**Student:** 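Let me give you the structure first, and then I'll get to my questions.
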Amino acid sequence: MKRKEFSIGVSICICMCLIIGCTGKNVGQDSLSQLYKEDFIMGVAIPARDLTDQARMALVSEQFGSITCENEMKPDFLLDYDKTLEQGDEVKPAINYQYADSVLSYAMEHQMKMRGHTLVWHSQTPRWLFTVHYDKSEEAVLVDRDTMIQRMDNYIKGVMTYANTNYPGVIYAWDVVNEAINPGDGHEKGIRTKDNLWYDVIGEDYIELAFTFANQYADENQGLFYNDYGTYDKVKLFKIKDLLTALKEKNLVDGMGMQSHIQLDAPTTLDYQYAIKQYAEIGLDIHITELDVNVHEDDVQSQEKLATRYRKLMTLFKRMNEKEEANITSVTFWGLTDDRSWLNKPDEPSYPLLFDKDLNPKSAFYGAMNDDSVPLY
Ligand code: GLA
């Protein structure tokens, strides 16, 4: 496939979609989904607001088979403060799917899959979830361990049951616990102890408890994942490996989610491969869950480097599967276009993704497509 042909193809497709108002699934021959269909499901993170943009969604459904909500399935979006107070149930916070519903129903209508991201996380989880009477004031007192365990149980139950009942078959993987290992905090098992109210209130077994509850409410074919960043850092890697080995022995975890917010030169492909092998050794499926490469320059040379980086990585993932060194079953990019990437800040621009702000494929896209026009080295 040549770049020009692809651009024309995508443009025609997007124009036609706009003219006839179609947002339907249209996996072409030259899409990531099509190219890697025997290898892994290709995914992208999107915000719910993208759904109203037909051209964006035409591109999403053409290129990808899996969606992750960038934010709408995180606790701060799903928890309903007013309703929780109204209910007045000390162990059962209220959940409101108003932001996530549109994405889940889009996925269901368009036969796309979703990753459920994320259930238990120290970040983007309101402090009131942990306080007596869900008190928001500064002097609020934290609840006791037993109350918090019940809140966790009810939260996980509420979120999973709602999604699984209303959108059966859509979610194929849940990020049950996100970012629970942070060796810098000094805990012997590497548990994140700072700024982590789950740890403060429940203690280090909050991770195992979360997986225990998630197992109770998961549908049969759903994978339960641990998800983290910097998963190739050797110290962190082995702390995560110990944690997951213990969870796997109890049959509580199915997969390792490697976020993969990476740089052009770090980690090296070798270190990345080494980390994947380590997690695979536990017998876990691997998902690359939040792939992006922070590149601050938009010049041809920097973007060619990005293209090479993506080509190398996709080649690595595919080869590792072929050689049975790992079972990588999903690869998700953290965003569709550069302008909407979380890495792209007004004072510090970044151009990390596969498509530019006008939805045109960048050289990075051709890299991810393993196109010969992109040098492998
Ligand atoms: C972490 C989280 C994601 C997202 C990114 C930044 O990786 O897992 O949900 O918040 O940070 O966008």
Side-chain angles (χ1 to χ4, degrees), residues 43-50 64 66-79 99-100 103-104 114-126 129 155-156 159 163 171 173-185 192 194-199 206-207 210-211 214 223-233 236-237 240 243-244 253 255-263 266-267 272 275 279 286-296 313 330-355:
V44 64
I46 57 163
R49 72 182 165 120
D50 277 8
F64 301 98
S66 166
I67 301 174
T68 305
C69 281
E70 196 173 348
N71 281 300
E72 291 80 358
M73 290 187 73
K74 293 174 178 173
D76 59 352
F77 274 75
L78 290 177
L79 283 162
Y99 302 105
V103 188
L104 281 151
M114 284 187 67
R115 300 194 77 261
H117 174 77
T118 178
L119 294 169
V120 172
W121 189 21
H122 66 284
S123 178
Q124 289 195 252
T125 305
L129 181 66
Y155 177 74
I156 292 177
V159 174
I171 293 185
W174 289 96
D175 287 333
V176 178
V177 176
N178 200 28
E179 304 177 353
I181 295 292
N182 195 36
D185 288 357
R192 178 184 295 277
K194 296 192 181 140
D195 296 321
N196 184 359
L197 288 169
W198 289 111
Y199 173 80
Y206 87 87
I207 304 164
F211 275 96
L224 299 182
F225 279 69
Y226 174 77
N227 190 49
D228 212 330
Y229 63 88
T231 50
Y232 25 76
D233 170 88
K236 185 161 176 171
L237 191 169
I240 295 175
L243 170 75
L244 298 189
V253 63
M256 172 64 197
M258 300 177 72
Q259 290 185 7
S260 311
H261 297 294
I262 59 175
Q263 314 297 320
Y272 201 143
Y279 300 121
I286 310 290
H287 282 187
I288 309 301
T289 55
E290 308 182 14
L291 181 58
D292 54 21
V293 182
N294 204 355
V295 183
H296 296 299
L313 287 179
S330 174
V331 177
T332 290
F333 287 85
W334 201 248
L336 183 69
T337 56
D338 285 343
D339 55 316
R340 296 196 185 177
S341 162
W342 72 297
L343 295 170
N344 186 26
K345 298 162 193 142
D347 51 341
E348 205 186 348
S350 184
Y351 306 89
L353 295 169
L354 305 187
F355 298 93

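All residue numbers in this chain count up from 1 along the given sequence. For clarity, every value in this text was computed on a predicted model and none was experimentally measured. All ligand and atom numbering here is 1-based and tracks the order in the structure.
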**Student:** Once you round to the nearest 0.5 Å, how far does CG of Asp339 lie from OG of Ser350?
**Tutor:** 11.5 Å

**Student:** Rounded to the nearest 0.5 Å, how far does OH of Tyr99 lie from CG of Leu104?
**Tutor:** 15.5 Å

**Student:** Got a second to check how far Ile46's CD1 is from Glu70's CD, nearest 0.5 Å?
**Tutor:** 9.5 Å

**Student:** Pairing donors with acceptors under 3.5 angstrom, does anything connect the side chains of Asp175 and Asn178?
**Tutor:** no

**Student:** Can you tell me which residues line ligand 1 if we count any heavy atom under 4.0 angstrom from one of its atoms, in chain and number order?
**Tutor:** Lys74, His117, Trp121, Gln124, Asn178, Glu179, Gln259, His261, Glu290, Trp334, Trp342

**Student:** Atom CD1 of Ile67 and atom NE2 of His117: how far apart are they, to the nearest 0.5 Å?
**Tutor:** 14.5 Å

**Student:** Just checking Asp195: does its CG atom have more than 12 heavy atoms from other residues, nucleotides or ligands closer to it than 6.0 angstrom?
**Tutor:** no

